[in-house]
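Right, one structure below, let's go through it.
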Amino acid sequence: MQALIYAIILDPDKCVGCTNCIKSCPTEAIRVKNGHSYTIKERCINCGQCILACPRHARFGTTDGLELINSYKYKIALIDPVLYGQFNEVISPPEVINGILNLGFDNYFETSRGADVITEFTKSLMNNDFNKPVISSACPTIVRLIQIRFPSLIDNILPIDSPVEVSAFMARKDAYEEHNLSEDEVGVFYITPCPARIFSFKKPVGIKKSHISGTLSIKSAFIEVSKNLNKNQNHPKSFYPSGKGIGWARSGGQSQALGIKDYLAIDGIKNVISVLEEIENHKMKDLKFLECCACTNGCVGGSLTIENSFVARNRIRRLAEKYYNYESKPDVPFEDFLLQEDLAPIQVTKLDDDLLTAIKKMEEIQRILPTLPNIDCGACGAPNCRALAEDIVLGSASIEDCIVILKSSVKKK
C-alpha cells in the first residue's frame, strides 16, 4: 500500500522507521510512530530531502506515466536544462531533445525561454521601489517555506510566475496559433527534477490554474532517452542557445543573468533558512537580489535527478558559458505572467482554536520541555525534544515515547 504525501509517495512496506527522514526534514514535518514514518502535511514544503535521506528508498516523487501523453492530440515536452546536465558532454542538447521527441512527443519547448522572460522582468523591477532584497520566486519550495516560516518576507517575493509556468504558457500559445488547437487538445508535460514542482502544479500558488498537464521525472526521462540515443538521426535546428537561460539550472545562474553585483545566491535548504533568518532580522543590508535554491547546487541537485549534482552543475556551467553571449529578446508582455493572487502566510502550528486554551497548551509545552533530556536524539520519533513536547500536548505522543525517560523508569523498577 502506498500513501500520497502531497507530491511524495511513501511505501510503508519499505519504511522501517529509521528516523533518517525526520533528521533531514527542514520544517519538522515528519514523525515516526509504530515503526513507520508519517508526514504532517501542513508543514511539508515538498523539498524532497526525505527522498534523498531514505536508505531504503521508501519515499519517492509521484510523477505521471509516459502513457498519459497519449491522452492528448498534441503533446509538448517541456524540457528543463537540468536534463542536459545529466548526460555526458559528448551528447549535445539537440541529441537529448531528439531523444525526448522519440518518446512520442510532437514538439518541445525549453524552460530557458521562460527564464529569459523573467530575467528581463526582474531587471525592470529592480529599478523601481519594490521591496529589497527581491527574492526569486523560481523555486516553489522556497516560496512555501517563506509562507510558513518567514511571512514577513512574502512582500519581497518576485511577483511573477516560475520559468516552468511561463514556458508552458508560451508553448501552449504557440500550439494554439500554429495548429489551430483547443486547450483540451494540447498536453504540456514537464520533465521535473523535484517533487516541489509537481505539487506546485497540483496546488498552484499565485495563479488560478497551472498550464502543466502532467510530469515525468528527470531520472525516468534520462533512462528512456539513454536507451534510444542515436547520433545519426536528424537533430532539431531550433535549440535555444541562451547561456543565461540555461544557467538557471544551477545555483547562481539566475543572479548572474541579471548582470548586477549586489546579489546573493544560496543553495541547500538549511543554508537558505539561515540566510532568511539573517534577512528577517535586518542583518543584511544593501542586498538587491536573493536567489534561493532548496537543493544543493540548484535544480541540478533535485531529488528526481540521476547525476551527481556537482558533476551536473559543472556541465551546465560549461554549456552556459558556451552560449553566454547569446542575446535573447523576449517579445511577450510581462503582464501575462504576473501573479494573479496575493501570497498569504500559511499557519501550520495551531494549538487550539480558542486563544485561552492555546495559551494553556503553550504553558504545558514549556512545563514538559525541561523534564525531557533535551538531547534531540530523535529516538522518540520526533525531530527534537521540543517537537515531542508539542506532540504530547496535542495528544499524538506520550512522555513514555522518550527512550531516555522510558529506560530510566524501567531501571527504577
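Keep in mind that this is a model prediction, so the values were computed, not measured.
With a 6.0 Å cutoff to the six-membered ring centre and a 45° limit on the axis angle, Arg113 counts as a cation-pi contact of Phe109.
Using a 3.5 Å distance cut-off with no hydrogens or angles, the side chains of Ser136 and Glu291 do not pair a donor with an acceptor. With 3.5 Å as the limit, one finds no donor-acceptor pair spanning the side chains of Arg197 and Thr63. Using modelled atom types and a 3.5 Å distance limit, the side chains of Thr296 and Arg313 yield no donor-acceptor pair. Side chain to side chain, Tyr84 and Glu110 meet the donor-acceptor criterion of an N or O pair below 3.5 Å. No donor-acceptor contact under 3.5 angstrom links the side chains of Gln49 and Arg59, judged on distance only. At a cut-off of 3.5 Å, with distance as the only test, no side-chain donor of Thr119 or Thr122 sits close to an acceptor on the other residue.
One finds no salt bridge joining Asp116 and Lys244 here, because no Lys/Arg side-chain nitrogen approaches an Asp/Glu carboxylate oxygen to under 4.0 Å. Taking the charged nitrogens against the carboxylate oxygens, Glu277 and Lys283 have no contact shorter than 4.0 Å, which rules out a salt bridge. The pair Lys361-Glu364 does not meet the salt-bridge criterion, since no charged nitrogen lies less than 4.0 angstrom from a carboxylate oxygen. In summary, Arg43 and Glu390 engage in a salt bridge, as defined by a charged side-chain N under 4.0 Å from a carboxylate O. Taking a cutoff of 4.0 Å between a charged side-chain nitrogen and a carboxylate oxygen, Asp401 and Lys33 qualify as a salt bridge. With salt bridges taken as basic N to acidic carboxylate O contacts below 4.0 Å, none links Arg367 and Glu363.
When side chains are defined from C-beta on, Met126 counts as touching Phe289, because their heavy atoms get closer than 4.5 Å.
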Derivation of the side chain to side chain donor-acceptor pair (under 3.5 Å) call for Ser92 and Glu95: CA-CA 5 Å; Ser92 67; Glu95 290 176 275; 3.1 Å; yes

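Side-chain atoms of Asn127 come within 3.5 Å of backbone N or O of Lys123 as a donor-acceptor pair. Panel note: side chain Arg31, backbone Pro383; no donor-acceptor pair is recorded below 3.5 Å. Within the 3.5 Å criterion, the main-chain N or O of Leu158 finds a donor-acceptor partner in the side chain of Ser137. No side-chain donor-acceptor contact under 3.5 Å links Thr305 to the backbone of Gly301. Side-chain atoms of Ser71 come within 3.5 Å of backbone N or O of Leu68 as a donor-acceptor pair.
Between Tyr72 and Phe189, the ring planes are perpendicular. Angles over 60° get that label, and only those under 30° would be called parallel. Ring-plane geometry between Tyr74 and His179 is classed as tilted, the angle between the planes lying from 30 to 60 degrees on a 0 to 90 degree scale.
The local environment of CG in Asp286 is sparse, with at most 12 non-hydrogen atoms from other residues, nucleotides or ligands closer than 6.0 Å.
Of the candidates Glu89, Gln86, Glu307, Arg315 forms a side chain to side chain donor-acceptor pair (under 3.5 Å) with just one, namely Glu307.
When every heavy atom of Ala168 is checked against every heavy atom of His211, the shortest pair comes out as CB-CB, 3.6 Å.
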